[in-house]
Amino acid sequence: MADLLQGWKRTHYCAEPTQNEVGREVLLMGWADSWRNLGALIFIGLRDRSGVMQITFDESALPKETFKLAATIRNEYVVAVKGTLYERAQGMVNEHMATGKYEVRAAELKILSISETPPIYIQDDLDTAEQVRLKYRYLDLRRPCMQKNLIMRNKITQVTHSYFAEKGFLEIETPMLAKSTPEGARDYLVPSRVQPGKFYALPQSPQQFKQLLMLAGYDRYMQIARCFRDEDLRADRQPEFTQIDLEMSFVDRDDVLEVNEGFIARLLKETLDYDVQLPLRRLSYQEAMDRYGSDKPDTRYGLELCDVSEAVKDCGFSVFTAAIEAGGSVRCINVKDGAAQFPRKKLDELAEFVKIYRAKGLAWMGLKADGLQCTFAKFLTEDQINVIQQKAGAEQGDLLLFVADGKNSVVYAALGALRQEVAKRLNLVPEDVIDLLWVVDFPLLEYDEEEGRFFAMHHPFTSPMDEDIEYMDTDPGRVRAKAYDMVMNGNEIGGGSIRIHSSQLQEKMFRTLGFSKEEAWNRFGFLMEAFKYGPPPHGGLAFGLDRLVMLITKASSIRDVIAFPKVQTASCLMTNAPDVVDQKQLDELCIATTAPKA
RNA sequence: GGCCCGGUAGUUCAGUUGGUUAGAAUGCUAGCCUGUCACGCUAGAGGUCAGGGGUUCGAGCCCCCUCCGGGUCGCCA
């Protein structure tokens, strides 16, 4: 039978007592992290979220009962110890332990709870399968590195709240039971019992509510908001995730950027003591794509893309010429540092790699000391080869890797990914630099060939650039948006836009997207109705909190910064959600299901 | 939906060409031990080889299907 607290009160966290407490009585409570029984002397490592303190039980200094009780302690028992803090004698100090200079010599002991042998080890260097860790998540969360991550997450939300509060932002909650939004990600639906056959959707973001808050006059809003998207998971994507969401009135783009780069600078200073140079660099979307093949470029290293279409457009290599004729391009990256020596096997691997991104293949040109080694040299004149090398800045020892495709999107995707892959393999990514920048001037619209119409690249409330409005009817593809993304080390950590606040412009936008008036009213009527009543100019941004925490803690998986995450099938291995429910619940909701029953 | 990787004691793994009773480390249990800190020593327990089917005299190993986990492409306004 476990002991009761009976008035015992903890005086310190386990790792807290230091020189001041030496010689004094302390009362610690925590989990047994280790036990070593030497017969007449027992050592227990006592752990809580602060760390571990060694507790010593000395048979000769304790009542028989107390010592006998101490001998029953096993890992993960919950223990309360009253004792005296001692400085350890020289030679007994444990250098590997933060509290290794001290120990508590126990006088009294309570075992508050016992534990079965845990299925995973409670320690940082753990190679247990994640499947097992997630099933016993509450044990996994006892590990110091997991506690460190969640404590850092808390620190980040604290800094967020205080920064935006100082800047005059109000935190206002928006509904979780909301209206399904067409376009965009798949919604999680919640059936209505009171109105059979109707559904709420869990919010993909508080987008429309925060815009309505602007209209309502709460001119600076923020919220740490849970969002839901029913799409496939990734190492950095969960179906439910958290955004630092904000919106401001009476602002244009630069006002939003300024507040938010101020935030990221404060955040990195307070969490990592890292100094960010402001203002952040800005890169247009087009420049980002042309130089890095990505709208979230990692600019900590070079390997920039180089367009050689002009040089090869008349060559005899049909792979290149066909790509250019189809409206695409031929581009390359220059891998320096003697990469011309890459063995054939490595090049084949890279060729396989770009195929993931739908590139048909990889051409290469190695400038070896003993001559040119090139997959397509015989189709090119010496002049053409020289122009390519000049454009790519190639020197002896360099390796040029080419992708050609009739679609520029394929060339960008393949080379953008290849750039990252090569940088990773050659260790070109500096670890201690934090690379922050804005990508701006995104296209407003994206053409979808399957559907045969334009879609909003960001969302349909994003404002076009003032000077591009005139092209919305004539050439929608060239209209740029007042949209912006913040990029950190090649990760999109936040994004937003200035919104449309004029009804006429909003209607023009819906027309461009091919919505009839009825459709638009049906889908966004409440917003359009509201916008009749004096919407202020406004815009905002949302940061992905989970990704921010990942980057700051250097976690390799988003699951390591979320207390209770989901696995790839969007289920929770601990609770076994989602699960079948009683027929009675389904009947109440008027839901028939063809899926397997309980 | 596609591609790639993985699943053997509680945990991490090994397991030869298909061949006797499936091993190691660690953890666990018991005993001994007063300065351990990866404590040590002695003894012991512990297996649905993910599941199902097939080939074979014989399957952890070969074949097929399913399930589970990871990465990724598509998808994620």
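Each chain gets a letter, A, B and so on, in the order the sequences are listed, and its residues count up from 1. Side chains are part of it too, since the values below use all heavy atoms of this structure and drop only hydrogens, waters and symmetry mates.
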Answer with yes or no after comparing the ring centroid distance for A:Phe57 and A:Phe67 against a 6.0 Å cut-off, counting only values under it.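 For A:Phe57 and A:Phe67, the ring centres are not under 6.0 Å apart.
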Is the gap between the ring centers of A:Phe442 and A:Tyr484 under 6.0 Å?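 Between A:Tyr484 and A:Phe442, which both carry aromatic rings, the centre distance is not below 6.0 Å.
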Just name whichever nucleotide pairs with [N], Watson-Crick or G-U, keeping both distances under 3.5 Å, else none.
N	result
B:rG69	B:rC5
B:rU29	B:rA43
B:rG19	B:rC57
B:rA24	B:rU12

Below 4.0 Å: OP1/OP2 of [N] and any side-chain N or O of [X]:
X	N	result
A:Arg547	B:rC76	no
A:Arg36	B:rC39	yes
A:Tyr357	B:rC73	yes
A:Ser571	B:rG69	yes
A:Asn94	B:rG35	no
A:Arg229	B:rC75	no
A:Trp35	B:rG27	no

To the nearest Å, how far apart are [X] [atom1] and [N] [atom2]?
X	N	atom1	atom2	value
A:Glu130	B:rC5	CD	C1'	15 Å
A:Leu233	B:rG69	CG	P	11 Å
A:Gln131	B:rG69	CD	C1'	4 Å
A:Lys566	B:rC68	NZ	P	17 Å
A:Asp187	B:rC75	CG	P	18 Å
A:Lys135	B:rG7	NZ	P	19 Å
A:Phe67	B:rC33	CZ	P	10 Å
A:Lys101	B:rC37	NZ	P	21 Å

When all nucleic acid strands are considered with a 4.0 Å heavy-atom cut-off, which category describes [X]: base, sugar-phosphate, or nothing?
X	result
A:Thr569	sugar-phosphate
A:Ser556	nothing
A:Leu38	base
A:Asp127	sugar-phosphate
A:Arg559	sugar-phosphate
A:Glu103	base
A:Leu573	sugar-phosphate
A:Asp230	nothing
A:Arg186	nothing
A:Ser60	base

Interatomic distance at [atom1], [N] relative to [M], whole Å:
N	M	atom1	answer
B:rC33	B:rU21	C1'	36 Å
B:rA50	B:rA9	C1'	15 Å
B:rG58	B:rU17	C1'	14 Å
B:rC63	B:rG6	P	13 Å
B:rG44	B:rC39	P	23 Å
B:rA24	B:rA43	P	13 Å
B:rC61	B:rG18	P	11 Å
B:rG46	B:rU8	C1'	14 Å

Looking only at side-chain atoms of [X], point me to the closest of [options].
X	options	value
A:Arg234	B:rC75, B:rU11, B:rC37	B:rC75
A:Leu41	B:rG10, B:rG35, B:rC28	B:rG35
A:Val567	B:rU72, B:rG69, B:rC37	B:rG69
A:Arg237	B:rC37, B:rG74, B:rC33	B:rG74
A:Asp232	B:rU34, B:rG70, B:rG1	B:rG1

Quick one: on RNA chain B, does A:Phe455 or A:Ala413 contact a more 5' nucleotide (nearest heavy atom)?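 By nearest-heavy-atom nucleotide position, the 5'-most residue is A:Ala413.
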Using heavy atoms to find the nearest nucleotide of RNA chain B for A:Gln207 and A:Ile356 separately, return the residue whose nucleotide is more 5′.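 The answer here is A:Ile356.
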Hey, does the side chain of A:Lys566 reach the backbone of A:Gln238 with a donor-acceptor pair shorter than 3.5 angstrom?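 Side chain of A:Lys566 to backbone of A:Gln238: no pair is present.
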Within 45° of the ring axis of A:Phe402 and under 6.0 Å from its six-membered ring centre, is that where the NZ or CZ of A:Arg331 lies?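 No.
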Taking the side chain as every heavy atom from C-beta outward, state whether A:Leu444 and A:Thr462 have any pair of such atoms under 4.5 Å apart.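 A side-chain contact under 4.5 Å exists here.
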How about A:Arg229 and A:Ser205: do any of their side-chain heavy atoms sit closer than 4.5 Å?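 A side-chain contact under 4.5 Å exists here.
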Consider only side-chain N and O atoms of A:Gln223 and A:Gln243, and report whether a donor and an acceptor are under 3.5 Å apart.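 The answer is no; no qualifying pair exists.
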Does the pair A:Arg425/A:Glu421 count as a salt bridge with the N-to-O cut at 4.0 Å?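 A:Glu421 and A:Arg425: salt-bridged.
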Going by an N to O cut-off under 4.0 Å, is there a salt bridge joining A:Lys355 and A:Glu352?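 Salt bridge: yes.
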